Amino acid sequence: MCNVTPSVISSYEVNMYYPSIDILNILGMYFDINYLCKNGYSNFLWNHETFINNLRSWINDNGYTRIEAAKLLGVSHSIFRF
């Protein structure tokens, strides 16, 4: 129905990946839930692509590896899945 694999849906369920707004709308119609009204989640979705682009630029502009950038940010480098 969403045109994604079961493993992608599973990744959504464990917060590895986040569905696009289009996928959220399809799921919302199917389950009769308006996900875009849930606790600021829509704000996260609308700004996520901008955030990722800015993060990627910051890493590249400063010549950091993803491991170096993660260390500076105090996060695991495995979160950089872009």
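Because only heavy atoms are used, hydrogens play no part in the values below, and waters and symmetry mates are left out as well, while side chains stay in. What you see is a predicted model; the values in this text were computed from it and never measured.
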I26 and C2: which non-hydrogen atoms are nearest, and at how many Å? CG2-SG, 3.7 Å
Measuring from D61:CG to N54:CG, what's the distance to the nearest 0.5 Å? 10.0 Å
Which residues pass the side chain to side chain contact (heavy atoms under 4.5 Å, CB included) test with N62, sequence neighbours left out? W58, Y64
Assigning hydrophobic clusters by single linkage (Ile, Leu, Val, Met, Phe, Trp, Tyr; side-chain heavy-atom cutoff under 4.5 Å), is I67 placed with L72? no
Which residues pass the side-chain hydrogen bond (donor to acceptor under 3.5 Å, both in side chains) test with T5, not counting sequence neighbours? S7
